[in-house]
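Since the structure comes first, as structure tokens, the remarks are kept for the end.
Just so we're clear, the structure is a prediction, and the values are computed from it rather than from any experiment. Count residues from 1 along the sequence. Whatever order the structure lists them in is the order used to number ligands and atoms, beginning at 1.
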Amino acid sequence: MTDTTTAAAEPKAHAKYTRNNPYLSEVLVNDRLTGLDSEKETIHIELALEEGMTYTPGDAVGICPTNREAAVEDVLKALNFTGSERVLDHYKKEISLDEALRSHLGIGKLARGSLNQFAKLCGDNPPATLKALLGTENKAHAEEYVWGREFIDLVTEFPGIITEPQQLFNILQRLTPRMYSIASSQAAHPTQVHTTVRVVRYNAHARDRQGICSGHLGERSPAGSTMPIFLHENNAFRLPEDPSAPIIMIGPGTGIAPFRAFLEERQANGDKGDNWLFFGEQRSYSDYLYKDQFLAMEKDGLLTRLHTAFSRDQGKKVYVQDRMQENCDELYAWLERGAYFYVCGDATRMAKDVEMALLDVIAKGSHGTLENAAEYLAAMKKQKRYQRDVY
Ligand SMILES: Cc1cc2nc3c(=O)[nH]c(=O)nc-3n(C[C@H](O)[C@H](O)[C@H](O)COP(=O)(O)OP(=O)(O)OC[C@H]3O[C@@H](n4cnc5c(N)ncnc54)[C@H](O)[C@@H]3O)c2cc1C
Ligand SMILES: NC(=O)c1ccc[n+]([C@@H]2O[C@H](COP(=O)([O-])OP(=O)(O)OC[C@H]3O[C@@H](n4cnc5c(N)ncnc54)[C@H](OP(=O)(O)O)[C@@H]3O)[C@@H](O)[C@H]2O)c1
């Protein structure tokens, strides 16, 4: 199994458009999928492709965001710069400081490395509170400090240290594109690529914050606007070559995205393999992403089995792995029939818990031990029948 956190970072072979030369795509659709009373804002984005731009379900789309105007202004104000100062970008091309802060520098979440670079400007005498965040011995303290903080917090707390606009290029990381699992099949939408994006918003250290790219998509990318994008190949997350092979898909939250693509692909091709989807979110009435489409797929037989786990619809949390356990015998029977097992979404907890549940299902189904189940899963991985796209 290859986790695609890194694999998805492979450039698409021979692609005309890349992260350094993105395609300026028109946003065709930007719709909210979650209800207004949801705790989450998850959106469906459709982007236009130029002829010749191709992708396969399982691939990702890279989106190049810019920083918010207000965030740029806050930084300029805190540093006493106007924005018209001239600086050299990462390729030594002269641009305005305003442009650098808008499109080239990551002024969002603070990186720990930025603290060390920032402190270098203080010579031998950094302020004591800054000194306490430096070096390997203070790593944990520095991690705690940067959590929920952005560059603006650092320069507000330690004013007067940055004196030259060019210094920002040593302190700040590059503003990088973000990856999103593709949620569409090109067999169904030849000139479009779709994604499912959770808009990251939170309040930390008394400021309202938002994720740079998801915030850009959520707030400043209406239909008709443009976004620079590129396609990223991910050969580690693919439908079976045999269209009649059964597939089991575990996709809570935005993890649903590639499975919409898989299902649309199988539907468009008339593939005969059985399809089983497990989807989980907080509440059925506000968070059932692509509900109508999946129910229609179930009705017309494309989705052989559809299970949902709405964690907050009842007192006790119910997750996708609980539904797997409830359907243990059938799940094992599918695996014995050669089913491919796919997981997409949260890497930190969900993917690990789902793997534990899968091992348990295999052990119970085969009347064996967890050790035997681990061997069974290892064989599935070898046959590329256990694939994950987790982030
Ligand atoms: C292969 C791959 C596929 C992906 N697919 C999808 C997808 O289909 N849909 C999707 O929505 N995302 C997906 N992601 C995640 C996506 O790439 C971005 O990481 C995500 O949208 C956040 O980016 P951002 O620029 O909005 O936020 P950033 O500006 O990068 O900020 C996010 C950071 O904010 C901080 N943060 C977040 N919440 C809090 C909090 N409550 N308190 C303090 N700090 C906080 C954390 O440090 C977090 O890492 C995928 C990632 C990969 C690698
Ligand atoms: N880097 C970023 O800032 C960023 C931005 C966007 C998305 N993401 C990541 O993208 C992934 C998807 O996010 P999302 O908001 O769409 O969905 P999510 O957080 O994965 O939540 C989807 C469903 O999964 C449930 N869940 C929580 N813990 C679980 C577990 N251990 N096992 C199984 N299910 C579990 C949730 O329940 P409860 O909530 O009720 O517990 C909810 O019902 C997550 O990794 C998220 O962190 C990251």
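A heavy-atom cutoff of 4.0 Å around ligand 2 is satisfied by the protein residues K40, R198, V200, P252, G253, T254, G280, E281, Q282, S311, R312, K317, Y319, Q321, D346, R349, M350, D353, Y391.
Counting the atoms of ligand 1 from 1 in the order shown, those under 4.0 Å from a heavy atom of K109 are 30 (O), 33 (C), 47 (O), 49 (O). Proximity to I212 (heavy-atom distance under 4.0 Å) selects the following atoms of ligand 1: 24 (P), 25 (O), 26 (O), 27 (O), 28 (P), 29 (O).
At a 4.0 Å cut-off, at least one heavy atom of V197 sits close enough to ligand 1 to count as contact.
A heavy-atom distance below 4.5 Å is not found between the side chains of Y55 and V61.
Taking only non-hydrogen atoms, the option from S214, G215, C213 nearest to atom 25 (O) of ligand 1 is C213.
Enclosure of atom CD in E51 is not indicated, since only 12 or fewer non-hydrogen atoms of other residues, nucleotides or ligands lie within 6.0 angstrom. Counting non-hydrogen atoms of neighbouring residues, nucleotides and ligands closer than 6.0 angstrom, the CG atom of D329 reaches no more than 12 such neighbours.
By the criterion of a heavy-atom distance under 4.0 Å, neither the backbone nor the side chain of A204 is placed next to ligand 1. Using a 4.0 Å cut-off between heavy atoms, T42 makes no contact with ligand 1 at all.
Residue-to-ligand polar distances place Y180 within reach of ligand 1: an N/O pair is separated by less than 3.5 Å. Residue Q210 places no N or O, backbone or side chain, under 3.5 Å from any N or O of ligand 1.
Below 30°, between 30° and 60°, or above 60°: for F118 and F158 the angle between ring planes is between 30° and 60°, a tilted geometry. Note: H307 and F278 have parallel aromatic rings, judged against thresholds of 30 and 60 degrees for the angle between ring planes.
Within the structure, salt bridge (Lys or Arg N to Asp or Glu O under 4.0 Å) pairs that include any residue of residues 282-305 comprise E39-R283, R305-E330 (at least two apart or interchain). Listed by first and then second residue, the side-chain hydrogen bond (donor to acceptor under 3.5 Å, both in side chains) pairs involving residues 193-202 are E41-R201, Q192-H194, H194-R260, T196-Y290, R201-E219 (not counting sequence neighbours).
With salt bridges taken as basic N to acidic carboxylate O contacts below 4.0 Å, none links R86 and D98. Salt bridge absent: D322 and K316 never bring a charged side-chain N and a carboxylate O closer than 4.0 Å.
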Donor-acceptor contacts, no H, no angles, side chain residues 120-127, under 3.5 Å, sequence neighbours left out:
none

